[in-house]
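Taking it in order: structure first as structure tokens, then the write-up.
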Amino acid sequence: MAEQVVADLRERCATPVSLLRDVAVEMADEMRAGLEKEGGSRVKMLLSYVDKLPTGREEGLFYGLDLGGTNFRVLKVQLGGNDQRIANRESRAVAIPPHLMSGSSSELFGFIASELAKFVADENKGNSFSSGKKRELGFTFSFPVRQHSIASGTLVKWTKAFCIEDAVGEDVVVKLQTAMKKQGVDIHVAALINDAVGTLAGARYYDEDVIAGVIFGTGTNAAYVEKANAIPKWEGDLPESGDMVINMEWGNFYSCHLPVTEYDQALDKESLNPGEQIYEKLTSGMYLGEIVRRVLLKLSVQTAIFGEIDHTKLKTHFHLRTPHTSAMHHDETPDLKIVEEKLEETLGISGTSLETRKMVVEIIDIIARRAARLAAAGLAGILKKLGRDGSIDKRRSVLVIDGGLFEHYAKFSKCLETTLSELVGEELSKSVVVKHADEGPGIGAALIAASHSQYRNVEGNPDVKD
Ligand code: ADP
Ligand code: MG
């Protein structure tokens with residue numbers, strides 16, 4: 001009976017290479033449709049207005065702010081040009097007090113500006129940072145924003161734990177700049193980006209072969225460099241560089257080839273955003289543990305595999321988190337001691353047999369492998385769209401990935417990498433490189449502020465506009 005539930009799951013979650021290839025083709029097709037016209041695809045393909053990625057030649061002092069999940073980060077970098085790159089850096093992480101996540105926007109931005117003010121005040125205490133004339137800042141804001149220019153954009157909706165009604169539809173840069181003025185912080189916000197774009201910029205600064213920045217954390221997203229003349233929906237003048245970074249918002253990708261099970265359907269139906277973000281629900285950290293919990297619950301109710309247990313915890317949505325399932329997945333003790341402990345601690349399931357624990361690990365493996373293989377298919381889709389799948393462009397392609405899931409879940413990241421090699425083939429896999437981001441998105445934002453600086457040219461000399 002229990003074996004049957006697992007066998008069904010294995011079958012329904014299967015991701016043979018043929019299926020992954022179909023997914024990659026559809027990802028590339030959706031990318032094209034989203035670039036064609038506004039609303040052309042579920043994959044929004046938003047213009048980031050970032051048309052100059054950092055080159056390494058930038059000079060001067062730049063600030064970054066990173067607002068994503070529960071922390072935010074204030075940082076500054078002293079850029080020393082080609083030889084020195086980041087000559088000096090400093091950063092500070094600050095926890096956002098939970099009550100500010102659902103208060104008013106003036107409270108939230110007031111708090112951010114006051115932390116920035118403190119950070120700036122500290123630099124005047126005689127450290128080694130040399131400041132230029134007018135200071136500039138890049139703002140990483142990882143919520144859906146409709147961008148109007150490199151440094152303006154209105155909030156479409158909040159996600160994660162944030163819910164501040166009066167900010168929706170407002171320009172978040174205006175909000176930030178107003179709050180900074182109140183605090184007496186004289187820094188110009190030169191760029192507004194999200195974490196995928198920041199990851200791309202932070203990596204491109206060191207390596208010009210970087211073509212995409214991808215996040216696998218609580219959620220998932222990707223940004224990549226597109227030719228501006230391949231964006232039919234772009235209406236302005238073509239940028240001088242000929243390039244435009246596209247914020248894909250690929251978490252909302254859907255294809256009929258995606259191996260969606262009854263567990264995924266129920267999860268989606270009961271989620272805060274039913275019908276949306278289906279690719280994200282199959283591949284990101286917020287959901288992997290939750291899918292496993294749903295399978296374990298069915299197993300327990302239908303087959304009593306865990307004996308007579310209290311189902312309260314096993315029935316609680318999101319009670320089993322991905323770091324828990326990841327710890328169980330990596331258990332290398334001969335009798336699966338860690339699995340035993342985690343089942344007891346998190347779900348109140350005790351006295352399991354080794355056989356049962358092995359079955360739990362197999363379920364976790366099925367869900368994590370499906371996620372990693374679909375993630376690889378998404379990356380293959382980007383390569384295909386750019387003709388870098390061996391068809392046209394044979395240059396080295398570096399895909400940079402950041403986010404807690406990729407960073408901490410070794411079996412996930414390993415499987416993603418081997419699957420991508422499998423998809424692109426042995427020959428091409430020599431020139432397709434997947435790597436973990438060296439720099440966080442906040443640094444990337446500071447670097448984009450530098451490459452889009454209004455006050456300096458790229459060599460850092462005061463510009464005529466100053
Ligand atoms: P965010 O996406 O909110 O910016 P992170 O990139 O730090 O944050 O990713 C956090 C997510 O990473 C968590 O929600 C969790 O799903 C996943 N994660 C964190 N630690 C681990 C771990 N040890 N094993 C597996 N997944 C993890
Ligand atoms: Mg993040």
Side-chain angles (χ1 to χ4, degrees), residues 64-75 91 93-96 98 101 138-145 158-163 193-203 213-223 247 249-251 267 271-272 277 279-293 317-332 338-339 341-342 345-346 361 363-365 367-372 375 400-416 435-446:
L65 281 182
D66 178 11
L67 181 69
T70 47
N71 276 311
F72 95 100
R73 191 168 281 280
V74 204
L75 55 95
S91 77
V94 188
I96 304 265
M101 296 182 188
F139 183 24
T140 310
F141 183 78
S142 301
F143 300 93
V145 160
W158 290 103
T159 55
K160 299 173 250 193
F162 283 76
C163 179
I193 61 166
N194 72 9
D195 49 359
V197 177
T199 297
L200 168 61
V214 183
I215 306 291
F216 287 104
T218 306
T220 182
N221 193 13
N247 165 26
E249 293 293 340
W250 82 354
L267 180 155
S271 71
L272 291 171
Q277 303 291 103
Y279 185 63
E280 178 164 88
K281 285 169 182 161
L282 293 169
T283 57
S284 74
M286 178 162 168
Y287 302 101
L288 299 190
E290 171 64 5
I291 302 168
V292 172
R293 181 194 67 79
H317 290 189
F318 294 99
H319 194 71
L320 183 64
R321 309 201 66 91
T322 305
H324 298 138
T325 58
S326 163
M328 291 194 257
H329 203 175
H330 292 97
D331 186 355
E332 288 189 346
I338 297 170
V339 177
E341 279 166 25
K342 290 284 167 199
E345 268 170 34
T346 59
V361 175
I363 292 166
I364 293 170
D365 186 66
I367 300 304
R369 276 173 57 81
R370 179 183 66 165
V400 173
I401 309 186
D402 202 5
L405 188 70
F406 187 79
E407 194 177 348
H408 303 298
Y409 200 150
K411 283 191 192 281
F412 172 87
S413 40
K414 188 90 196 52
C415 178
L416 186 162
K435 66 177 189 189
H436 179 245
D438 304 315
E439 303 288 4
I443 294 273

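All ligand and atom numbering here is 1-based and tracks the order in the structure. We use all heavy atoms of the structure for the numbers below, so side chains are in, but hydrogens, waters and symmetry mates are not.
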Note to self: Looking at S326, is its backbone amide N or carbonyl O close enough to the side chain of H330 to form a donor-acceptor pair, meaning the two atoms are under 3.5 Å apart?
What the structure shows: yes
Check: Hey, which atoms in ligand 1 end up nearer than 4.0 Å to a heavy atom of G217?
Finding: 2 (O), 6 (O), 9 (O), 11 (C)
Checklist line | Per-atom contacts of ligand 1 with G285, taking only distances under 4.0 Å to non-hydrogen atoms | finding: 16 (O)
Check: Hey, would you say the Y409 and F216 ring centroids sit under 6.0 Å apart?
Finding: no
Checklist line | Nearest neighbour of atom 6 (O) of ligand 1 from the list G289, G404, S413, on a heavy-atom basis | finding: G404
Check: side chain to side chain donor-acceptor pair (under 3.5 Å) with S91: which residues, sequence neighbours excluded?
Finding: R73
Check: For ligand 1, which atoms sit closer than 4.0 Å to a heavy atom of L405?
Finding: 12 (O), 17 (C), 26 (N)
Check: Where's the contact between S326 and ligand 1, heavy-atom distance under 4.0 Å: side chain, backbone, both or neither?
Finding: side chain
Margin query: Could you tell me, atom by atom, which parts of ligand 1 come under 4.0 Å of a heavy atom of G403?
Written below: 6 (O)
Check: Is any side-chain heavy atom of N221 closer than 4.5 Å to a side-chain heavy atom of N194?
Finding: yes
Item checked: Option with minimal heavy-atom separation from atom 3 (O) of ligand 1, where the choices are T220, T218, T140 -> T218
Checklist line | G213 backbone acceptor or donor facing T199 side chain under 3.5 Å | finding: no
Item checked: Residues that E439 engages under side-chain contact (heavy atoms from CB on, under 4.5 Å), provided they are two or more places apart -> I86, R89, Y206, I443
